[in-house]
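Sequence lines set the chain letters: A, B, ... in the order given, protein chains first and strands last, and positions in each chain run from 1.
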There are 2 protein chains.
Amino acid sequence: MSNRIRSGTAVLKTSAAIFAALGDETRLGLVTKLTGGEPQSIAHLTAGTKLTRQGVTKHLRVLEEVGVVRSLKVGRESRFALEAKALDDARGYLDHVSQQWDDALARLKAFVEQE
Amino acid sequence: MSNRIRSGTAVLKTSAAIFAALGDETRLGLVTKLTGGEPQSIAHLTAGTKLTRQGVTKHLRVLEEVGVVRSLKVGRESRFALEAKALDDARGYLDHVSQQWDDALARLKAFVEQE
DNA sequence: GTCATAGGCAACCTCCTGGTTGCCTGTGTT
DNA sequence: AACACAGGCAACCAGGAGGTTGCCTATGAC
C-alpha cells in the first residue's frame with residue numbers, strides 16, 4: 001500500500017520528517033542550489049558555504065534519508081540531485097491542510113451569515 | 001519592504017524557520033487538529049496526546065513564533081487557531097523550487113534531444 | 001469566599017543536532 | 001609509481017530541543 005491510503009499518522013510522520021529536513025537554512029540553501037538541474041558534487045556544493053565538506057556531507061545525508069535528494073556516484077565523486085517526489089509530498093500536505101482550513105472557514109462564515 | 005522582494009537569503013531564513021516548526025510530528029499533529037476551524041484551548045489540544053500541558057504549550061509557542069498559529073485569549077483560556085499566511089509562504093517556497101526544478105529538467109531534456 | 005480549572009514561568013534533565021578534526025580509502029593524473 | 005583530489009568514517013564537543021515537574025496567578029463556578 002505504498003501509494004495507497006496510508007494511515008493518517010504515517011503521513012504525519014513522513015511529512016514531519018521531510019519538513020524537518022527542510023527546516024534548516026543550510027539544507028534549504030543546498031536544495032535551492034540544486035534546483036539548477038545538474039547534479040553537483042559535494043566539493044562543489046561546499047564551495048560558497050562557511051562549512052566544512054564533512055558538514056555539508058552530513059546535511060546531504062539528511063536530505064537523502066527523507067528522499068529530497070538522490071546521490072549517484074560518478075568516478076570518484078558522488079553527485080547529488082533533487083528528487084521531486086518528496087517535495088511534492090510536502091507540498092501535498094500543505095495543500096491538504098490549507099484546503100481543510102479554507103473549507104472550515106467557509107463553513108463558519110456560512111454559519112454566521114445564516115441567522 | 002516587508003512584502004516586497006526581500007533578498008533570497010531572507011526568504012531562505014523565514015522558510016527554513018517555518019519548515020523547522022512543521023518538522024515535528026507533535027506540532028504537525030497540532031496543526032492538523034487545528035484545521036477544523038474553531039480555535040481550541042491548550043487543555044483541549046493536550047487531550048489525546050501523551051504530553052503534558054506544558055509540553056503542548058511549548059510546541060504551540062514554537063508554531064506561534066513563526067506565524068503558523070495565532071493565539072487569542074478568551075476568559076481564562078487562550079485559544080489557538082491556524083494562520084493561513086505562513087503556511088502559504090511555505091507552500092510558495094516549495095512551488096518555487098518545484099517550478100525551477102521542472103524548468104531545469106525541461107531545458108536539459110531539450111538540450112539532449114537537440115543533437 | 002472557596003474551590004476547581006486554565007494557564008504562565010522557571011528550573012531542570014536528557015538526547016539529538018550541527019559542526020569540527022583527524023585519518024583512511026578510492027580514483028584520477030602525470 | 002607518486003601525488004593530488006573527492007569522499008567516507010569515527011570520535012568528539014557545545015548548544016539547543018523536547019519534555020517533565022513544581023509552583024504561582026487569574027478567571028470562572030457554586
Side-chain angles (χ1 to χ4, degrees), chain A residues 9 12-34 38-81 86, chain B residues 9 12-34 36 38-81 86 90:
Chain A
T9 77
L12 221 65
K13 197 170 296 186
T14 64
S15 301
I18 296 176
F19 285 134
L22 296 178
D24 176 283
E25 211 179 328
T26 306
R27 284 197 292 266
L28 212 50
L30 289 173
V31 167
T32 305
K33 260 192 201 170
L34 287 177
E38 281 125 47
Q40 301 184 38
S41 74
I42 296 181
H44 189 205
L45 287 168
T46 303
T49 73
K50 292 170 185 165
L51 298 194
T52 315
R53 178 174 51 81
Q54 289 308 324
V56 173
T57 300
K58 275 197 179 183
H59 283 300
L60 287 170
R61 299 270 171 253
V62 172
L63 289 171
E64 191 178 17
E65 257 161 31
V66 300
V68 169
V69 119
R70 234 182 59 233
S71 79
L72 54 133
K73 303 210 66 170
V74 177
R76 65 179 159 184
E77 54 187 21
S78 60
R79 305 210 183 129
F80 287 79
Chain B
T9 76
L12 221 66
K13 198 170 295 186
T14 62
S15 301
I18 297 176
F19 286 133
L22 297 178
D24 177 282
E25 213 179 327
T26 307
R27 284 197 293 266
L28 212 51
L30 289 172
V31 168
T32 306
K33 259 190 204 171
L34 286 176
E38 281 126 46
Q40 300 184 37
S41 75
I42 297 182
H44 190 204
L45 287 168
T46 302
T49 73
K50 292 169 186 166
L51 299 193
T52 314
R53 177 176 50 82
Q54 290 306 325
V56 173
T57 300
K58 277 198 178 183
H59 283 300
L60 288 171
R61 299 268 171 254
V62 172
L63 290 171
E64 191 178 18
E65 258 162 30
V66 300
V68 169
V69 120
R70 235 182 60 233
S71 78
L72 54 133
K73 303 211 65 169
V74 177
R76 65 179 158 181
E77 55 187 21
S78 60
R79 304 206 184 133
F80 287 78

Contact check, side chains of A:Val31 and A:Val69, non-hydrogen atoms, under 4.5 Å: no
Nearest-nucleotide pick for B:His59, side chain only, options being C:dT20, D:dG19, D:dT27: D:dG19
Side-chain N,O (A:Thr52) to OP1/OP2 (C:dT20) below 4.0 Å: yes
Whole angstrom value for the distance that separates P of C:dT17 from CZ of A:Arg61: 16 Å
Atom pair distance, as rounded to whole Å: CZ in A:Arg53 and P in D:dC9: 12 Å
Gap between atoms CD and C1', on A:Gln40 and D:dA6 respectively (whole Å): 15 Å
Whole-Å gap separating P (C:dG18) and CG (A:Leu51): 11 Å
Side-chain donor/acceptor of B:Ser41 to backbone N/O of B:His44, under 3.5 Å: yes
Value in whole Å for how far the P atom of C:dA6 lies from CG of B:Leu45: 13 Å
A:Ile42 side chain reached by A:Glu77 side chain, heavy atoms, under 4.5 Å: no
Distance, rounded to the nearest Å, where A:Glu25 contributes CD and C:dG18 contributes P: 13 Å
Whole angstrom value for the distance that separates P of D:dA6 from CZ of A:Phe80: 15 Å
Length of the CG-P vector between B:Leu60 and D:dA17, whole Å: 16 Å
Student check: side-chain heavy atoms of A:Leu28 and B:Ser15 closer than 4.5 Å: yes
Contact check, side chains of B:Thr49 and B:Lys33, non-hydrogen atoms, under 4.5 Å: yes
Phosphate-side-chain proximity, A:Thr26 and C:dG18, N/O vs OP1/OP2 below 4.0 Å: no
Listed nucleotide nearest any side-chain atom of A:Gln54, set C:dT21, C:dG8, D:dA6: C:dT21
Options C:dT20, C:dA11, C:dG7, nucleotide nearest the side-chain atoms of A:Lys58: C:dT20
Minimum-distance nucleotide to A:Ser41 side chain [options: D:dT27, D:dG7, C:dG7]: D:dG7
Sugar-phosphate, base or nothing in reach of A:Gly55, heavy atoms under 4.0 Å: base
Listed nucleotide nearest any side-chain atom of B:Ile42, set D:dG8, C:dG8, D:dG18: C:dG8
Touch class at under 4.0 angstrom, heavy-atom based, for B:Lys50 against every strand present: sugar-phosphate
Distance below 4.0 Å between B:Ser78 side-chain N/O and C:dA6 OP1 or OP2: no
Sugar-phosphate only, base, or nothing, as touched by A:Arg79 at under 4.0 Å among non-hydrogen atoms: nothing
Nearest listed nucleotide, side chain of B:Arg76, among C:dA6, C:dG8, C:dG18: C:dA6
